[in-house]
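Just so it is clear: chains get the letters A, B, ... in the order the sequence lines come, proteins before strands, and each one is counted from 1.
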Amino acid sequence: MLNLRRAGRERVRRAPWIVSIYRTDTGKKYAMAISGVVLLLFVLGHMIGNLHVFEGAHGGTFRIDEYGEGLRDLGEPLFPRTMVLWAFLRIPLAAAFLIHIHAALALTRSNRDARETKYQSPRDYLAARYASRTMRWSGVIVLLFLAWHLADLTIGVEAVNPDFVRGSVYHNLVASLSRWPVWILYVAAQVALAFHIWHGAWSLFQSLGISNPRFNRFRRTFAHAFATVVVAGFLAVPVGVALDIVS
Amino acid sequence: MHLTLRVWRQDGPGVEGRFETYEAAGIHQDMSFLEMLDLVNERLVTAGHEPIAFDHDCREGICGSCGLMIDGRAHGPQGSTATCQLHMREFSDGDTIVIEPWRATSFPIVRDLVVDRGAFDRIIEAGGYIGAPTGSAPEANLTPVPKETSDAAMDAAACIGCGACVAACPNGAGQLFTAAKVAHLNLLPQGQPERWMRVERMVETMEEYFGSCSNHGECEPACPKGISLDNIALMNRDYLLSKIRNRKLGGQR
């Protein structure tokens, strides 16, 4: 009578060590947490970089344009131009995104299978926060926003940002954020990101087994602080544009 | 007290179930929740109907047999309490109480409110034991255990295996149960020889049956024994270590 959910599945051929760990749900949670740390570091770095907007112009060039150029020049003259940007920042970041999304999809499927018949009466949640229960939706919102954002301010797709000028970061973002639907999109996406990283920045400690009664209360504090700082920093740019501080 | 019960009735495994409504009059506030159901059942039997099937055994909160989803909460509105220790004074006259069985694919419904929690037994079989000579009782103080360690192991060992953690989890995950069993033995010196084998086998058996942990934290307040989420962190850490440790060095500190 026992319901052996996966008993029918043949024992798979011995996989490489790291793959065999990733095949387990617990292994996917490690992957989730580690790729999450990479992505958290990225959003923090991106947010700090954005603040160059408020430095304005120096000698005819906007500081944020110089910063953008600086990212491409990273590692010069030791490495060819843009090599460090691609090899150490963009490709690992894309890999972290893909792993994070793949693990999320696989875990969601596993969780759905684990309760095929839902509760037929309303649940009364005690601890599961809005943020934790909407991780997959806030994640999807952030992903859709990312697609827009890359087309808008990184690649400069004509249909998305007609005023795009390659390398003119300051000009591009002001042009984009001066359109009110886009402004709302950016702010809404940051709110979704806030919820997402608030749960993630706490959850990663549990998933990786980083637990010590002496420090555990700081894990929540860290998540509050991290999500607040990152999102406040990100929101500063659209708010700056709205208040004409950035124009 | 006069109560209205909406109870899940299901005639057997894998068949359609439905909520049925029963009026429960003359309920005393000092009755336990299960005594209230006993009374309702006596009246049902007297009237020639099938009584409501529900699991119960010790009725003193230590066996882990009972377990109902009451108004959307595992074991009902009172914290750190199994269903049998919940009393009707937690409810008010005129309340409507919704009673559902645990819902998880690996806890198939046997009848009405009774589910088969055999999946938990499979997890225990996978590693919930230690190697010990059984011929004669060991010397009582042969293996000293630090106080903090024995307290932590005892806290984990308080798990009665009722399944409320799985029932409460939005993912239908069995982490809190498995983590309690892993922590209970992995923390103690007696559990060290099988430590890495235990966590590896128990986690992998758990994953055959249950969902994954999203760290919602919903299991902790649902647990009648107050098992801490810290045990899940310990299990996650030990599972990772089980994949890394050189087991030939298992005898070393």
For the student: nearest non-hydrogen atoms of [X] and [Y], plus distance:
X      : Y      : answer
B:P221 : A:A127 : CG-CB, 4.0 Å
A:S203 : B:S214 : OG-O, 3.9 Å
A:A114 : B:G172 : CB-O, 3.6 Å
B:A233 : A:S211 : CB-CB, 3.4 Å
A:S121 : B:F19  : CB-CZ, 4.0 Å
A:Q206 : B:N236 : O-ND2, 3.0 Å

Please determine, among A:S20, A:P122, A:S207, the option with the most heavy-atom pairs under 4.5 Å with chain B.
A:S207
Do B:T105 and A:D113 have side-chain N/O donor and acceptor atoms under 3.5 Å apart?
no
In terms of heavy-atom proximity below 4.5 Å to chain A, should [X] be classed as side chain, backbone, both, or neither?
X      : answer
B:L241 : neither
B:P77  : neither
B:A74  : neither

Taking atom [atom1] of [X] and atom [atom2] of [Y], what is their separation to the nearest 0.5 Å?
X      : Y      : atom1 : atom2 : answer
A:M32  : B:C213 : CE    : SG    : 12.0 Å
A:S132 : B:N215 : OG    : CG    : 9.0 Å
A:T26  : B:E200 : OG1   : CD    : 11.0 Å
B:C219 : A:L126 : SG    : CG    : 11.0 Å
A:K29  : B:S212 : NZ    : OG    : 5.5 Å

Test side chain to side chain contact (heavy atoms under 4.5 Å, CB included) applied to A:K118 and B:R103, step by step:
CA-CA 7 Å; A:K118 307 278 167 231; B:R103 298 264 183 204; over 6 Å; no
Region of [X] in contact with chain B, defined by heavy-atom distances below 4.5 Å:
X      : result
A:Y125 : both
A:K28  : neither
A:I21  : side chain
A:N216 : side chain

Are more than 12 heavy atoms from other residues, nucleotides or ligands located less than 6.0 Å from atom [atom1] of [X]?
X      : atom1 : value
B:H87  : NE2   : yes
A:F234 : CZ    : yes
B:M197 : CE    : yes
A:W17  : CH2   : yes
B:R247 : CZ    : yes

Less than 4.5 Å apart, side chain to side chain, heavy atoms only: is that true for A:R123 and B:E218?
yes
Option that, when pairs with chain A are counted at under 4.5 Å, heavy atom only, ranks first among [options]:
options                : answer
B:M235, B:K243, B:H216 : B:H216
B:V203, B:L240, B:D230 : B:L240
B:A167, B:A104, B:A222 : B:A167
B:G14, B:A173, B:A168  : B:A168

Only one of B:R6, B:R18, B:M69, B:E100 passes side chain to side chain contact (heavy atoms under 4.5 Å, CB included) with A:Q120, and that residue is B:E100
